[in-house]
Amino acid sequence: MLLLPLEKLILQSHFSGIACITGIFVTTCLTSMIIDFVWHKNLLVALLYFSFFGIIEIIFVSSSCMRIPKGGWVPLVLSAVFMSVMYVWHYGSRKKYLYDLHNKASMKWILTLGSDLGIVRIPGIGLVYTELASGVPAMFSQFITDLPTFYQVVVFICVKTVPIPYVSQKERYLIGRIGPKPYKMYRCIVRYGYKDVHENDDYDFENAIVMSVAEFIQLEAEGGGTLDGSVDGRLAVVRSSENFGKRFMMSESDGNKESSSWSYPASGSSSRSAALQKLKSMYELESPEFCNRRRIQLKLLDTTYKDSRVKEELLELLEAKDAGVAYVIGHSHIKAKWNATFWKRLLINVFLSFLRKNCRSPSVGLNIPHISLIEVGMNYYL
């Protein structure tokens, strides 16, 4: 009876010993990489750090390996399971990103469509989420190929996590233009630090995007503008301007009034159809918190602009914001190619598919309201 607690104590020391010393050794390896890649110190400093602490920890790791037959294999098995899950997820995510990168729509094809993109442009703003920091994703080209309409203003949103703890609000948004000005296509890279908390209020996010794009339009005009060529325009940190947020009059509207958070106006009219009004009423009954959310309306101040086209573009942007904002994301189905190896098909079709079915959807992770969400199905054959 007395030996049982003693055996538990010895077994627990085996588990904690090899787990702790292995964690410390991995931390030393990662810290040496941070010294070189993140802090941009001399490589010799990173090697000296690893040599000093790494040699000491390797001695402790070798001594802990003697305990593996006595119960130390349990944390190793758990580590192998977690590492396998992370490897499968990383492998599938990287393959998906490379597929998007190699199959993105060419700017030459976009320019041949004309300023209307070969479709009917309806009032509103379409926020197209993509992982690409440059170029037009294949998901957008598939959308405008299959459907005859899209929104008047298109903003490609790319959310990136940068290797610093926090990103200042003044440096969070990078705005650029895609194609000539009549296309009304913009790119926005939203940068977060690895300790930053993502914004939860979608209305604040919408207003921040609109004000950032408007500020970019003004800065572009003051700086001479970007080239109306076939490549992406320059990206600008818009919140570095002292006039940010001073070009508009912001007014808070009553949440119980008819919301302008989404709409599909008919041609030449801003009124909604009876079916859409009924759908909105049903949604608000199911989600009463939707009606009570803060809504902010933006109006352009009476400011004199050197170029009248700048004011026209800003007015069109605000009109599109009032017409409605829609979030467009890709709903991907990943499959292995028919001629792939057995292990690749097992990895993608079984393990990766299982992980994707049991993880949060992008709309949940990005806090996108369902009433404004448009998902575009995409098949990926890796």
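Computed from heavy atoms alone, side chains included, the values below leave out hydrogens, waters and symmetry copies. Values in this document were obtained by computation on a predicted structure and should not be read as measured data.
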Going by atom type alone, with no hydrogens or angles, which donor-acceptor pairs under 3.5 Å involve a side-chain atom of residues 342-356 and a protein atom two or more places apart or on another chain?
{"unit_1": "Arg345", "atom_1": "NE", "unit_2": "Ala340", "atom_2": "O", "d": "3.2"}
{"unit_1": "Asn349", "atom_1": "OD1", "unit_2": "Ala336", "atom_2": "N", "d": "3.0"}
{"unit_1": "Arg356", "atom_1": "NH2", "unit_2": "Ser332", "atom_2": "O", "d": "3.4"}
{"unit_1": "Arg356", "atom_1": "NH2", "unit_2": "Ser332", "atom_2": "OG", "d": "2.5"}

For residues 89-96, which side-chain N or O atoms pair as donor and acceptor with protein atoms under 3.5 Å away, sequence neighbours left out?
{"unit_1": "Ser93", "atom_1": "OG", "unit_2": "Trp89", "atom_2": "O", "d": "2.8"}

Got a list of side-chain donor-acceptor pairs under 3.5 Å for residues 27-37, not counting sequence neighbours?
{"unit_1": "Thr27", "atom_1": "OG1", "unit_2": "Gly23", "atom_2": "O", "d": "2.8"}
{"unit_1": "Thr28", "atom_1": "OG1", "unit_2": "Ile24", "atom_2": "O", "d": "3.1"}
{"unit_1": "Thr28", "atom_1": "OG1", "unit_2": "Glu57", "atom_2": "OE1", "d": "2.7"}
{"unit_1": "Thr28", "atom_1": "OG1", "unit_2": "Glu57", "atom_2": "OE2", "d": "2.9"}
{"unit_1": "Thr31", "atom_1": "OG1", "unit_2": "Thr27", "atom_2": "O", "d": "2.7"}
{"unit_1": "Ser32", "atom_1": "OG", "unit_2": "Thr28", "atom_2": "O", "d": "3.4"}
{"unit_1": "Ser32", "atom_1": "OG", "unit_2": "Cys29", "atom_2": "O", "d": "2.6"}

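Cluster partners of Met86 are absent, since no Ile, Leu, Val, Met, Phe, Trp or Tyr has side-chain heavy atoms less than 4.5 Å from it. Counting Ile, Leu, Val, Met, Phe, Trp and Tyr side chains that sit under 4.5 Å apart, directly or through other members, Met83 stands alone, with no cluster partners.
Here Pro165 pairs with Tyr194, Lys195 under the side-chain contact (heavy atoms from CB on, under 4.5 Å) rule; sequence neighbours left out. Partners of Phe143 according to the ring pair (Phe, Tyr, Trp, His ring centres under 6.0 Å) rule, which considers only residues two or more places apart in sequence or in another chain, are Phe150. Considering only residues two or more places apart in sequence or on other chains, Tyr183 meets the ring pair (Phe, Tyr, Trp, His ring centres under 6.0 Å) condition with none of them. Contacts of Tyr380 classified as ring pair (Phe, Tyr, Trp, His ring centres under 6.0 Å), with partners at least two apart in sequence or in another chain: Tyr99. Asn339 is linked by a side-chain contact (heavy atoms from CB on, under 4.5 Å) to Lys337, counting only residues two or more places apart in sequence or in another chain. Every residue two or more places apart in sequence or in another chain was checked for a side-chain contact (heavy atoms from CB on, under 4.5 Å) with Trp338, and none qualifies. Remark: Glu319 engages no residue in a side-chain contact (heavy atoms from CB on, under 4.5 Å) (not counting sequence neighbours).
Here the straight-line distance linking atom OH of Tyr173 with atom CD1 of Ile189 works out to 13.5 Å at 0.5 Å rounding.
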